[in-house]
2 protein chains.
Amino acid sequence: MKFSQATDYALHAMLYLVSEAPDKPVSVQLLAEKLGVSQTYLSKMLTKLVKAGLIQSVSGVNGGYRLRRNREDISFLDIIHAIEGTASLFECSFNHGSECLIQQVVIEAERQMEQYLQNKKISELAGQFKGIG
Amino acid sequence: MKFSQATDYALHAMLYLVSEAPDKPVSVQLLAEKLGVSQTYLSKMLTKLVKAGLIQSVSGVNGGYRLRRNREDISFLDIIHAIEGTASLFECSFNHGSECLIQQVVIEAERQMEQYLQNKKISELAGQFKGIG
DNA sequence: GCTATTATAGGGTCATAAAGTCTTTTATTG
DNA sequence: CAATAAAAGACTTTATGACCCTATAATAGC
Ligand code: SF4
Ligand code: SF4
């Protein structure tokens with residue numbers, strides 16, 4: 001029960017884009033260098049973010065990644081879901097249907113966390129961001 | 001990012017103890033049968049619950065496991081922590097200390113979930129419990 | 001004190017997932 | 001068409017989860 005490191009990278013990459021890249025696309029090469037991770041590995045996460053509609057990719061010379069949506073719209077939950085998927089954190093192995101008591105409690109707890117993450121926008125941190133590393 | 005199945009078993013075992021076993025110790029054999037899991041595997045989880053102080057073990061003939069604390073005191077969080085550990089769900093790989101912006105947000109989100117799980121006591125479900133399986 | 005019962009401890013196995021690399025293909029600019 | 005950059009897929013390596021097996025320790029009842 002831990003968030004993957006990929007999520008950590010994705011959050012940092014997004015924080016960088018939101019803070020420092022208003023419109024010019026940023027290459028995976030630059031991002032990977034900043035984050036200290038290989039390009040190919042990071043590109044997998046960025047591709048997921050593209051598929052989730054958070055960023056936009058531009059291939060070819062001077063290409064890279066650029067925000068797609070409004071900065072203020074992108075929440076932590078959006079990024080986490082893009083990387084980790086949206087499946088529930090808990091599945092009762094007995095699966096007695098929707099009345100499952102234990103499941104109800106844990107799902108609701110999860111919802112509490114997600115609600116907080118949804119209300120928290122990545123752009124809120126941009127002001128205090130001093131650069132990675 | 002998922003709760004382990006061991007947590008699921010532990011929650012069910014505890015629900016059983018709280019619901020059906022007022023004072024007589026219940027053997028791992030019976031519990032394992034009810035839950036449809038091997039004794040040796042289940043016993044590891046029960047041992048963790050013992051170490052966490054939630055239940056008490058009685059070895060020897062007619063031994064087994066019995067609640068230690070007051071039924072009303074045992075929360076979902078207690079059980080989950082006993083099995084999954086209390087480590088944070090998220091660790092920023094850069095570790096810029098306590099001012100880490102991203103970390104602060106995720107930790108707070110986690111706290112929201114844990115608060116809900118702490119307020120939710122396992123005994124609240126006992127009334128509606130119809131037996132496992 | 002002996003035996004049956006029951007928990008505890010530790011190691012071993014197998015499967016799945018996470019973390020990361022390499023190579024090829026596709027798209028774009030100039 | 002040449003250089004650049006993303007996307008896709010196959011692959012390795014490592015870590016974790018989900019189990020099983022066996023030996024040891026404690027206790028109750030005879
Ligand atoms: S919590 Fe209750 S309803 Fe849900 S699977 Fe377990 S026994 Fe069934
Ligand atoms: S979120 Fe900011 S402070 Fe925290 S590790 Fe990343 S760059 Fe450093």
Side-chain angles (χ1 to χ4, degrees), chain A residues 1-13 17 21 24-33 35-68 80 82-85 87 89-93, chain B residues 1-13 17 21 24-33 35-68 80 82-85 87 89-93:
Chain A
M1 180 69 172
K2 258 196 175 293
F3 285 101
S4 70
Q5 232 174 306
T7 295
D8 186 30
Y9 290 136
L11 287 170
H12 278 81
L17 289 179
K24 294 266 150 85
V26 177
S27 72
V28 68
Q29 185 180 359
L30 177 65
L31 277 172
E33 202 180 304
L35 296 177
V37 62
S38 83
Q39 296 180 222
T40 39
Y41 186 36
L42 182 61
S43 81
K44 293 205 167 177
M45 300 154 210
L46 293 170
T47 301
K48 282 188 179 180
L49 293 173
V50 169
K51 289 203 171 136
L54 300 179
I55 58 179
Q56 196 173 13
S57 71
V58 182
S59 56
V61 178
N62 295 322
Y65 296 92
R66 179 199 311 150
L67 291 182
R68 162 165 249 137
I80 292 173
I83 304 294
E84 307 255 347
L89 301 187
F90 187 80
E91 264 169 284
C92 195
S93 40
Chain B
M1 181 67 171
K2 258 196 177 294
F3 284 101
S4 70
Q5 232 172 308
T7 295
D8 187 30
Y9 290 136
L11 286 170
H12 278 82
L17 289 180
K24 294 264 150 82
V26 178
S27 72
V28 69
Q29 184 181 358
L30 178 66
L31 278 171
E33 201 181 305
L35 296 177
V37 62
S38 83
Q39 297 180 225
T40 39
Y41 186 36
L42 182 61
S43 78
K44 293 211 166 174
M45 299 154 210
L46 293 170
T47 300
K48 283 187 178 180
L49 294 172
V50 169
K51 290 203 170 135
L54 301 179
I55 58 179
Q56 196 173 12
S57 71
V58 182
S59 54
V61 178
N62 296 323
Y65 296 92
R66 181 199 308 150
L67 292 182
R68 163 166 250 134
I80 292 172
I83 304 295
E84 306 255 346
L89 301 187
F90 187 80
E91 263 169 286
C92 195
S93 41

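Throughout, protein chains are lettered first and strands after them, A, B, ... in sequence-line order, and every chain is numbered starting at 1.
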Give one of base, sugar-phosphate or nothing for A/F3, where a contact means two heavy atoms less than 4.0 Å apart.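 Contact class for A/F3: none.
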
What contact category does A/K2 fall into here, base, sugar-phosphate, or nothing, at under 4.0 angstrom with non-hydrogen atoms?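 Nothing: the residue A/K2, judged by heavy atoms under 4.0 Å, touches no strand.
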
Taking [atom1] from [X] and [atom2] from [N], how many angstroms apart are they, rounded to a whole number?
X     : N      : atom1 : atom2 : result
A/Q5  : D/dT16 : CD    : C1'   : 14 Å
A/R66 : D/dA5  : CZ    : P     : 15 Å
B/F90 : C/dA18 : CZ    : P     : 16 Å
A/K24 : D/dT4  : NZ    : P     : 19 Å
A/K44 : C/dT23 : NZ    : P     : 14 Å
B/L46 : D/dC19 : CG    : P     : 15 Å
A/L42 : C/dT21 : CG    : P     : 11 Å
B/L35 : D/dC19 : CG    : C1'   : 15 Å

Which distance, rounded to the nearest 0.5 Å, do you find between the [atom1] of [X] and the [atom2] of [Y]?
X     : Y     : atom1 : atom2 : result
A/L31 : A/H12 : CG    : NE2   : 12.0 Å
B/L11 : B/F3  : CG    : CZ    : 9.0 Å
A/E91 : B/D8  : CD    : CG    : 10.0 Å
B/C92 : A/Q5  : SG    : CD    : 10.0 Å

Are any of A/Y41's side-chain N or O atoms less than 4.0 Å away from OP1 or OP2 of C/dC22?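 So the side-chain polar atoms of A/Y41 never come under 4.0 Å of the phosphate oxygens OP1 or OP2 of C/dC22.
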
Compare side-chain N and O positions of A/Q56 against OP1 and OP2 of D/dA6 and report whether any pair is under 4.0 Å apart.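 So the side chain of A/Q56 is outside the cut-off, no N or O lying under 4.0 Å from OP1 or OP2 of D/dA6.
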
Which donor-acceptor pairs under 3.5 Å do the side chains of residues 42-60 of chain B make with protein atoms, sequence neighbours left out?
residue	atom	partner	partner atom	Å
B/S43	OG	B/T40	O	2.8
B/T47	OG1	B/S43	O	2.8
B/K48	NZ	B/I83	O	3.4

Excluding sequence neighbours, so at least two apart, what forms side-chain contact (heavy atoms from CB on, under 4.5 Å) with B/Q39?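 Partners of B/Q39 by the side-chain contact (heavy atoms from CB on, under 4.5 Å) criterion, ordered by chain and then number, come out as B/V28, B/Q29, B/A32.
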
Nearest non-hydrogen partners of A/E84 and A/S4, listed with the distance: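 Heavy atoms of A/E84 and A/S4 come nearest at OE2-N, 2.8 Å.
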
Please list, for nucleotides 3-7 of chain C, all pairs of protein and nucleotide N/O atoms separated by less than 3.5 Å.
residue	atom	partner	partner atom	Å
C/dT6	O4'	B/G60	O	3.2
C/dA7	OP1	B/V28	N	3.0
C/dA7	O3'	B/S57	OG	3.3

